Amino acid sequence: MLDVVGTTLTDEDIRRIQHPLTGGIILFTRNFQDRAQLTALTAAIRAARPNILIAVDHEGGRVQRFRTDGFTRLPAMRLLGNLWDSDVLASTKAATAVGFVLAMELRACGIDLSFTPVLDLDFGGSTVIGERAFHRDPRVVTLLAKSLSHGLKLAGMANCGKHFPGHGFVEGDSHLSIPLDLRTLQQIMDEDVKPYDWLGMSLSAVMPAHVIYPEVDKHSAGFSKKWLTILREEIGFNGVIFSDDLSMAGASSAGTVLDGANAALAAGCDVVMICNSPDKADQLLSGLTIPNSASADTSAARLAALMPQSAAPDWEALQKNADYLAAKKIVATLIVA
């Protein structure tokens with residue numbers, strides 16, 4: 001999975017999109033001017049490569065790539081957790097509404113997947129997670145994530161839990177450094193991993209953390225066969241495993257971007273992601289070592305299963321959809337000025 005440079009496709013973008021190893025495109029704020037442009041961009045991507053998965057990090061709060069020209073302002077997940085503490089049923093209802101609005105608006109612009117929900121626990125010290133987490137309690141995180149995912153699914157969108165096994169305990173930001181979590185395997189399994197286990201079949205995809213847990217493995221989770229085997233075999237997860245962005249500082253523990261991609265695939269990732277580095281994307285496309293064909297076919301089938309199975313809504317018709325309008329009203333009550 002790679003990105004595109006701007007608000008329209010260049011010839012180089014199209015070349016990379018059409019490469020047989022490209023399985024998806026991730027969009028960023030720089031790819032957005034307004035809804036008409038965004039919809040034209042996703043249509044152009046599909047014209048270059050039909051049935052490609054188009055994704056975005058669009059969680060709510062400070063991680064929301066598109067905020068203007070009709071896009072609903074979405075709350076940080078912590079606000080849903082705060083609501084849980086005063087009214088459990090209202091919070092689950094609100095989480096479903098958030099997921100529904102989020103997915104309907106993205107799908108109306110040609111986007112198939114948002115990398116949400118965040119399943120990290122709010123231990124209170126993480127600079128990069130912070131209000132992106134629902135709650136400190138893994139039980140609350142699980143039930144709010146399940147409700148949000150239900151909203152996504154009602155709009156025809158899959159989900160992606162992140163950042164396995166948990167990024168919430170460490171203070172470091174894996175965009176800028178290689179965080180170390182010094183807890184034992186049992187401590188992590190007893191708390192951080194619980195939402196992945198309890199969500200079960202509700203999870204469509206998972207993204208591992210660029211965090212090293214030295215009591216468990218010397219490799220960060222996305223490059224760790226031990227961690228991804230735990231995810232597959234002990235937890236029983238059968239969906240897509242995406243690596244986090246290989247251009248992040250947290251991925252440098254594996255060596256070069258190409259080293260990291262090969263390590264992630266060998267550990268058990270289905271899809272490796274490279275963002276903000278077209279030259280490094282070209283290095284991956286030309287130098288990646290693909291695992292055996294059976295493994296590659298399985299990964300391709302998993303990725304294809306993330307594609308929406310229903311027709312995308314039309315934006316103008318969406319503005320008259322009773323369910324959408326009702327959900328928007330609920331979301332509006334969550335925003336704190």
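None of the values given here were measured: they were computed from a predicted structure.
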Asker: One pair to check against salt bridge (charged side-chain N to carboxylate O under 4.0 Å, His left out): Asp217 and Lys226. What are the steps and the verdict?
Answerer: CA-CA 7 Å; Asp217 194 353; Lys226 182 167 184 176; over 6 Å; no
Asker: Assess whether a salt bridge exists between Asp282 and Arg16, defined as any Lys/Arg side-chain N lying under 4.0 Å from an Asp/Glu carboxylate O.
Answerer: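 Looking at Arg16 together with Asp282, the answer is yes, because their closest N to O distance falls below 4.0 Å.
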Asker: Would you say Glu191's side chain and Gln187's backbone share a donor-acceptor pair under 3.5 angstrom?
Answerer: no
Asker: Would you say Thr72 and Glu105 are linked by a side-chain donor-acceptor pair, where the criterion is simply a distance under 3.5 Å?
Answerer: yes
Asker: With under 30° as parallel and over 60° as perpendicular, where do the rings of Phe123 and Phe169 fit, or are they tilted in between?
Answerer: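 It falls in the perpendicular class, over 60°.
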Asker: Please determine if Arg139 forms a cation-pi arrangement with Trp198, meaning its NZ or CZ atom is less than 6.0 Å from the six-membered ring centre and no more than 45° off the ring axis.
Answerer: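 No.
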Asker: Look only at the side chain of Arg49 and the backbone of Thr22, and say whether a donor-acceptor pair between them is shorter than 3.5 Å.
Answerer: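 Here the side-chain-to-backbone pair exists.
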Asker: With hydrophobic residues grouped by side-chain heavy-atom distances under 4.5 Å, do Phe242 and Ile129 end up in a single group?
Answerer: no
Asker: Are Asp244 and Lys162 ion-paired here, with the side-chain N under 4.0 Å from a carboxylate O?
Answerer: no
Asker: Should Phe237 and Tyr196 be marked as a ring-ring contact (aromatic ring centres under 6.0 Å, His included) after you check the CA-CA gap, both sets of side-chain angles, and the distance that decides it?
Answerer: CA-CA 8 Å; Phe237 175 69; Tyr196 296 89; 8.3 Å; no
Asker: Under a single-linkage definition using a 4.5 Å side-chain heavy-atom cutoff for Ile, Leu, Val, Met, Phe, Trp and Tyr, are Val240 and Leu231 assigned to the same hydrophobic cluster?
Answerer: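 No; Leu231 is not reachable from Val240 via cluster members.
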Asker: Quick check: do Phe223 and Ile212 have side-chain heavy atoms less than 4.5 Å from each other?
Answerer: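 Heavy-atom side-chain distance check fails, nothing below 4.5 Å.
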Asker: Any sub-3.5 Å donor-acceptor pair from Thr127's side-chain atoms to Glu171's backbone N or O?
Answerer: yes
Asker: Indicate yes or no: at least one non-hydrogen side-chain atom of Asp112 is less than 4.5 angstrom from one of Thr42.
Answerer: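 Contact flag for Asp112/Thr42 side chains = no.
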Asker: Starting from Leu325, can I reach Val101 by hopping between I/L/V/M/F/W/Y residues whose side chains sit under 4.5 Å apart?
Answerer: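 The answer is yes; both residues are in one hydrophobic cluster.
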Asker: Quick one: which of Asp122, Asp85, Thr142 gives a side-chain hydrogen bond (donor to acceptor under 3.5 Å, both in side chains) with His135?
Answerer: Asp85
Asker: Look at the side chain of Thr7 and the backbone N and O of Asn31, then say whether any donor-acceptor pair between them is shorter than 3.5 Å.
Answerer: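 A pair under 3.5 Å: no.
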Asker: Say whether, by atom type as modelled, one donor and one acceptor occur between the side chain of His19 and the main chain of Leu285 under 3.5 angstrom.
Answerer: yes
Asker: Only one of Arg78, Met77, Arg132 forms a side-chain contact (heavy atoms from CB on, under 4.5 Å) with Val118, so which one is it?
Answerer: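 Only match with Val118 under side-chain contact (heavy atoms from CB on, under 4.5 Å): Arg132.
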Asker: Test your reading of the model: is there a side-chain donor-acceptor pair from Arg35 to the backbone of Asp69, 3.5 Å cut-off?
Answerer: yes
Asker: Is any side-chain heavy atom of Phe164 closer than 4.5 Å to one of Leu119?
Answerer: no
Asker: Please check: side-chain N/O of Tyr324 versus main-chain N/O of Met104, any donor-acceptor pairing under 3.5 Å?
Answerer: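 Between the backbone of Met104 and the side chain of Tyr324 there is no qualifying donor-acceptor contact (under 3.5 Å).
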Asker: Would a hydrophobic clustering, with Ile, Leu, Val, Met, Phe, Trp and Tyr connected at side-chain separations under 4.5 Å, put Ile188 with Ile235?
Answerer: yes
Asker: Side chains of Phe115 and Leu113, heavy atoms from C-beta outward: is any pair under 4.5 Å?
Answerer: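 They are in side-chain contact.
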Asker: Does some side-chain heavy atom of Arg107 sit less than 4.5 Å from a side-chain heavy atom of Met157?
Answerer: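 A side-chain contact exists here, since the closest heavy-atom pair is under 4.5 Å.
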Asker: Any heavy-atom pair between the side chains of Phe134 and Leu143 that's under 4.5 Å?
Answerer: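 A side-chain contact is absent here, since even the closest heavy-atom pair is not under 4.5 Å.
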Asker: Is it the case that the side chain of Asp13 and the backbone of Thr10 share a donor-acceptor pair, with hydrogens and angles ignored and the cut-off at 3.5 Å?
Answerer: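 Yes: the side chain of Asp13 pairs with the backbone of Thr10.
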Asker: Between Ser247 and Ser277, is there a side-chain heavy-atom distance shorter than 4.5 Å?
Answerer: yes
Asker: With a 3.5 Å distance limit and no angle check, can you tell me whether Thr29 reaches the backbone of Arg65 through a side-chain donor-acceptor pair?
Answerer: yes
Asker: Are any side-chain N or O atoms of Asn159 and backbone N or O atoms of Ser204, one a donor and one an acceptor, separated by less than 3.5 Å?
Answerer: yes
Asker: Do Ile52 and Leu106 sit in the same hydrophobic cluster, where Ile, Leu, Val, Met, Phe, Trp and Tyr count as joined when their side-chain heavy atoms come under 4.5 Å apart?
Answerer: yes
Asker: With under 30° as parallel and over 60° as perpendicular, where do the rings of Phe66 and Phe71 fit, or are they tilted in between?
Answerer: tilted
Asker: Taking the side chain as C-beta and beyond, is there a heavy-atom pair between Asn276 and Arg30 under 4.5 Å?
Answerer: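 Answer yes - side chains close enough.
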